[in-house]
Amino acid sequence: MISPQFTCRAINSHLYARVRKPWGIQGMARPSSDLAAFREIFSKAKNVAIITGAGVSAESGVPTFRGAGGYWRKWQAQELATPEAFSRNPSRVWEFYHYRREVMLTKNPNPAHLAIAECEERLSKQGRKVTVITQNIDELHNRAGSKNILELHGSLFKTRCMTCGHEAANYKSPICAALKGKGAPDPDTQDAQIPVQHLPRCEQTGCHGLLRPAVVWFGETLDSDILTHSEKVLDSCDLCLVVGTSSVVYPAAMFAPQVAARGVPVAEFNMEDTPATMRFKFHFHGPCGTTLPPALRRHETEP
Ligand SMILES: [Zn+2]
């Protein structure tokens with residue numbers, strides 16, 4: 001059971017410590033990369049949980065602003081995606097998110113997103129269920145056609161009012177007049193220094209509070225309803241896929257071990273080699289846009 005009090009960072013360090021240890025044990029078998037064996041299990045699964053991470057979006061060319069070369073101006077996401085950064089300089093943080101929203105207009109779901117969505121639609125007609133649990137905030141699963149999506153980190157295309165708390169979908173481009181043409185990522189770009197009254201504002205009657213992106217920032221807690229719902233999905237799934245992230249990295253590190261502990265098969269699709277373990281049944285190495293479509297296509301036993 002994961003306590004919702006954990007912040008993103010706390011979950012990271014806590015689970016890293018917890019799940020790393022068993023992999024030091026010698027003599028454990030490597031996970032299988034036998035696609036036919038995976039598909040045999042897949043063909044019988046009634047409740048499939050698919051945990052996705054940054055790797056899925058990376059194949060669509062979505063920048064993460066993390067790691068080597070991952071800068072917006074002089075900063076990385078962990079310096080701007082915080083409540084402190086927003087209260088210090090809401091104009092700069094809104095420029096950053098405005099840029100990310102606008103970039104998404106030029107990106108599209110890739111074959112991994114499409115294979116997941118197609119699989120959900122096909123299986124639902126057979127009375128079987130697929131649920132996506134994602135850390136991605138770009139809505140590419142949504143755009144690919146997935147319906148059952150749990151967004152652990154919120155969405156670039158939702159806002160929350162700092163005054164009344166109202167959350168709303170928002171696909172405006174630009175999100176407000178003052179941000180038009182702003183948000184350029186080059187390191188020598190000057191801050192637009194937009195007055196706070198000209199940043200995105202709440203449209204609820206009589207409110208006019210400052211809006212913020214409805215995403216989970218570093219140091220903030222995850223939404224407890226979404227966490228509870230995710231727990232239910234994971235407690236009832238009979239097959240779990242980890243796509244575009246590794247099981248030592250959040251969010252899969254938080255969920256996959258508890259699924260495996262119930263004896264449920266877990267299959268990883270990612271670019272990283274996983275430490276030898278018997279806890280996860282399958283590992284398919286490579287870009288998930290290549291490995292996932294053949295794994296999820298119609299099985300011969302399906303109607
Ligand atoms: Zn409001």
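First listed ligand is number 1; within each ligand, the first listed atom is number 1. Everything quoted here is computed from the prediction, not taken from an experiment. Throughout, residue positions are numbered sequentially from 1 according to the sequence presented.
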Original post:
the Zn ion (ligand 1) to His208: any N/O/S contact under 2.8 Å?
Top reply: no
Subject >> Metal proximity, His166 vs the Zn ion (ligand 1), N/O/S cut-off 2.8 Å >> reply: no
Original post:
Within the distance-only criterion (no hydrogens, no angle test), does the side chain of Asn47 pair as donor or acceptor with the backbone N or O of Val233 below 3.5 angstrom?
Top reply: no
**OP:** Say whether, by atom type as modelled, one donor and one acceptor occur between the side chain of Arg66 and the main chain of Gln78 under 3.5 angstrom.
**Re:** no
Subject >> Geometric class of the Phe38/Phe42 ring pair [parallel <30°, tilted 30-60°, perpendicular >60°] >> reply: parallel
**OP:** With the Zn ion (ligand 1) at the centre, find the angle made by SG from Cys161 and SG from Cys202, to 10°.
**Re:** 110°
**OP:** Identify the two heavy atoms, one from Ile51 and one from Cys240, that lie closest to each other, and give their separation to 0.1 Å.
**Re:** CD1-SG, 3.8 Å
